[in-house]
Structures are given as structure tokens and as C-alpha cells.
Protein chains: 2
Amino acid sequence: MYRTKQRHAILAVLSGNSSHPTAEQVYCRIRRQIPHISLATVYRNLKRLAEEGLILELSFPDEPNHYDPCTELHYHFRCDLCGWIYDLESSQVQIAHRLSSQGFSVRGQQAVFYGACASCQTK
Amino acid sequence: MYRTKQRHAILAVLSGNSSHPTAEQVYCRIRRQIPHISLATVYRNLKRLAEEGLILELSFPDEPNHYDPCTELHYHFRCDLCGWIYDLESSQVQIAHRLSSQGFSVRGQQAVFYGACASCQTK
DNA sequence: ATAGGTGCAAAATATTTGCTAGGGC
DNA sequence: GCCCTAGCAAATATTTTGCACCTAT
């Protein structure tokens, strides 16, 4: 597999922090090292890394996509006010209740699994 | 609160089925009853209904938003092949495992809560 | 050498907004 | 009548794509 410096740098930015950056944010950081990198390259690599299962693509309403280097099943909390995305413990069953006791005000939630359904697999 | 026939029709389409339609799909169905309705009106109403907490706005990668009349905490499974979005039981803790035994092939997952974090609430 | 990736610009997609006219209360 | 909403068109935002050139293997 092709291992370009662009792809390396993108993975490094993601792995290096827990900020769940957008494509634009990844692009800005990488320009320090690779000033001529194109935003399209960032998008292309992020999309591919997600398809390869190396990173997770997170979709929120009213938001560009965010990217997460942690591909384990885990939950997130997104603050409506500051936009920060917190990682949560997946072992907590009644997360919404616990969040309240920790000072988070929960307005909504969603949980999604992706894959192929039974009927499509038999086609 | 203003109760236009457009708003009513949009809510009716959503409540009447479990297909988690997109704005475009809602628009197509409503045109049968209100041929002159504008797509912008559909978008505006869906956005508002979501803000008011009457419906849920679901965001997926590579997909326009989908809308769900059920605002209770529950999980979804989206098939990569046919695009269908299944509703899942929220009481199942190890959903991913159960899905496998039911013939679903799980490629990825995400779970998100929305609201205001503790530090923003004290501002 | 060649397959595959990059950069740039343009296109495609999804969604929002400004404005005027019309409907609900 | 007044205010909010609809309809239309144009704008915006995000992401993808075509193509010529470059680079890793």
C-alpha cells in the first residue's frame, strides 16, 4: 500500500490528540509541515482511512464530519455551546443518567451501527 | 404557535411510517397533497421540529440527514448496501453481538449524546 | 516503469437564507 | 392588522471529482 507523507501526517494529527478534528482542522495543522498540501487530499485520505477502518467518521447535524482515531465502540457527548466532543465510557449502561449527575445537560442522543443487513448479504 | 398545513403534513408523513426519510423524501411524499410546497419549507420545518424536540435529526456519513419521529433513546442499524435504517431495542446492552447472531454484519458504530457540558452551563 | 496519489480547479450535493407575498390568529 | 411562515431563487457550506503531473515501489 502507498504510504505517502500526506497520509502519514494526517494519521499523526489524528492520533496525537483527542480533539476529534474536522477535515478543515486537520488541514490547518498539516499545513505547518506540508504547506502545499491540498484540502482535497485531506478529504480523500480521511475518507479512505475510514473505509479501511483505521479511523472513525463521525457525523453530526449542523456540523461538518469529525474524525476519531479510536475505532473501539464508545460514546460521545457533544456540547451545543462550545462544540467540544467528549469521549465517554462505553461500559456505562445508563449513560444519560450518569451524565446528568456529572453536570452535563442532555438534550438528545443517537446511536448508530453500520454494516450489511441480513437480506442484503444473501443477495 | 403557528400551525400551517405544511407543518402538519410533514409531521404526518414522519409519524405515519418507520422509514426514517430524508428531507427530499418527505418533500416527494408531501407534493402529492400540496403540489406547490417548497423544498426549503420542508427543510425549515424539519429543522424547527428537531429544535423543538418533536423529532430527531439523524446524521450519517455520506448521507443526507434522516428524520425520526421517535425521540426516545434508541439505536439504529444502517445497511451499507440497501441504505435501510432499522430501529433497534435500546434495552439490549451488547447490541453488536446480538446483531451478528441475527444476521447483521457490523462494520462500525457510533453513539452520540447532545446537550450542554458542565463548563458551558456555568458561563 | 508503472500504478496509484497529489494538487488545483471545477463540480456536485445538501442545506440555508433574503425577500416578497400570503395565511393564521 | 400584525406577525410568522411559505415559496422562490440565490447563496453558502461541505465534500467529491477530473485531469495533468509527480512519487513510491
Side-chain angles (χ1 to χ4, degrees), chain A residues 1-14 19-52 54-68 78 80 83 85 110 112 114, chain B residues 1-14 19-52 54-68 78 80 83 85 110 112 114:
Chain A
M1 176 197 300
Y2 255 63
R3 317 224 92 241
T4 63
K5 66 179 173 184
Q6 288 86 348
R7 179 179 158 113
H8 258 130
I10 289 166
L11 259 178
V13 164
L14 280 171
S19 64
H20 307 89
T22 63
E24 187 76 38
Q25 290 168 333
V26 170
Y27 173 62
C28 290
R29 296 235 197 121
I30 288 187
R31 288 180 86 179
R32 298 178 198 161
Q33 309 152 38
I34 311 175
H36 290 303
I37 195 172
S38 160
L39 181 54
T41 296
V42 175
Y43 271 108
R44 262 186 300 232
N45 275 283
L46 288 171
K47 182 62 72 186
R48 245 196 108 188
L49 289 165
E51 281 165 4
E52 293 167 0
L54 296 177
I55 65 174
L56 224 55
E57 194 172 26
L58 306 179
S59 229
F60 300 86
D62 311 316
E63 280 281 316
N65 289 343
H66 290 252
Y67 297 88
D68 190 338
R78 178 180 178 278
D80 293 331
I85 297 163
Q110 92 177 72
V112 183
Y114 307 96
Chain B
M1 178 195 299
Y2 254 65
R3 320 225 90 242
T4 63
K5 66 178 173 185
Q6 288 85 349
R7 179 181 159 113
H8 260 131
I10 288 165
L11 259 178
V13 165
L14 280 171
S19 65
H20 307 89
T22 63
E24 187 76 38
Q25 291 168 334
V26 170
Y27 174 63
C28 289
R29 294 233 199 124
I30 289 187
R31 289 180 86 178
R32 299 177 197 161
Q33 309 153 38
I34 311 174
H36 290 303
I37 195 171
S38 159
L39 181 54
T41 296
V42 175
Y43 270 108
R44 259 188 301 234
N45 275 286
L46 288 171
K47 182 63 72 184
R48 244 195 109 189
L49 288 165
E51 281 165 5
E52 292 166 2
L54 297 177
I55 64 175
L56 224 55
E57 194 173 26
L58 305 180
S59 229
F60 300 86
D62 312 315
E63 280 281 317
N65 289 343
H66 290 252
Y67 296 87
D68 190 337
R78 178 181 178 278
D80 293 331
I85 296 163
Q110 93 177 69
V112 182
Y114 308 97

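The sequence lines fix the lettering, A, B, ..., with proteins before strands; numbering per chain opens at 1.
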Original post:
In B/S/- notation, 5' to 3', how is nucleotides 13-22 of chain D contacted by protein heavy atoms closer than 4.0 Å?
Top reply: -SBBBB----
Original post:
Mind checking whether Q6(A) and V42(A) have side chains closer than 4.5 Å, heavy atoms only?
Top reply: no
Subject >> Rounded to 10 degrees, the angle between the two terminal axes of the helix from dA1(C)-dT25(D) to dC25(C)-dG1(D), each from five pairs >> reply: 40°
Original post:
Once you round it to whole Å, what is the distance between C1' of dC8(C) and CZ of R31(A)?
Top reply: 13 Å
Original post:
Rounded to the Å, how far apart are Q25(B) CD and dT15(C) P?
Top reply: 11 Å
Original post:
S38(B) side chain N/O closer than 4.0 Å to the phosphate oxygens (OP1, OP2) of dA6(D)?
Top reply: no
Original post:
Are Y67(B) and H20(B) an aromatic pair by the rule of ring centers under 6.0 Å?
Top reply: no
**OP:** Please list all pairs passing the salt bridge (Lys or Arg N to Asp or Glu O under 4.0 Å) test where one or both residues lie in residues 21-37 of chain B, with sequence neighbours left out.
**Re:** none
**OP:** May I have the distance from I37(A) (atom CD1) to dG5(C) (atom P), rounded to whole angstrom?
**Re:** 14 Å
Original post:
Any donor-acceptor pair under 3.5 Å linking the side chain of Q25(B) with the backbone of T22(B)?
Top reply: yes
Anything under 3.5 Å between a protein N or O and an N or O of nucleotides 21-25 of chain C, put it in a table, one pair a line.
| from | atom 1 | to | atom 2 | distance (Å) |
| --- | --- | --- | --- | --- |
| dG23(C) | N2 | Y2(B) | OH | 2.4 |
| dG24(C) | N3 | Y2(B) | OH | 3.3 |

**OP:** Would you indicate whether the side-chain heavy atoms of L14(A) and L46(A) approach each other to under 4.5 Å?
**Re:** yes
**OP:** Please examine the side chains of Q33(A) and K5(A), heavy atoms only from C-beta on, and report whether any two atoms are closer than 4.5 Å.
**Re:** no
Original post:
What integer distance in Å separates R7(B):CZ from dT5(D):P?
Top reply: 8 Å
Original post:
Do the non-hydrogen side-chain atoms of N65(A) and L58(A) ever get within less than 4.5 Å of each other?
Top reply: no
**OP:** Please name all residues satisfying salt bridge (charged side-chain N to carboxylate O under 4.0 Å, His left out) with E63(A), sequence neighbours left out, ordered by chain then number.
**Re:** R78(A)
Subject >> Beyond-backbone contact of I85(B) with F60(B), side-chain heavy atoms, under 4.5 angstrom >> reply: yes
Original post:
Rounding to a whole Å, what distance do you find between H36(B):NE2 and dC8(D):C1'?
Top reply: 13 Å
Original post:
In whole angstrom, what separates I30(B)'s CD1 from dA6(D)'s P?
Top reply: 11 Å
Original post:
Which residues pass the salt bridge (charged side-chain N to carboxylate O under 4.0 Å, His left out) test with R7(A), sequence neighbours left out?
Top reply: E52(A)
Subject >> Side-chain heavy atoms of D68(B) within contact of I55(B), under 4.5 Å >> reply: no
**OP:** Return the value, rounded to whole Å, for the distance between atom CD of Q6(B) and atom C1' of dA6(D).
**Re:** 6 Å
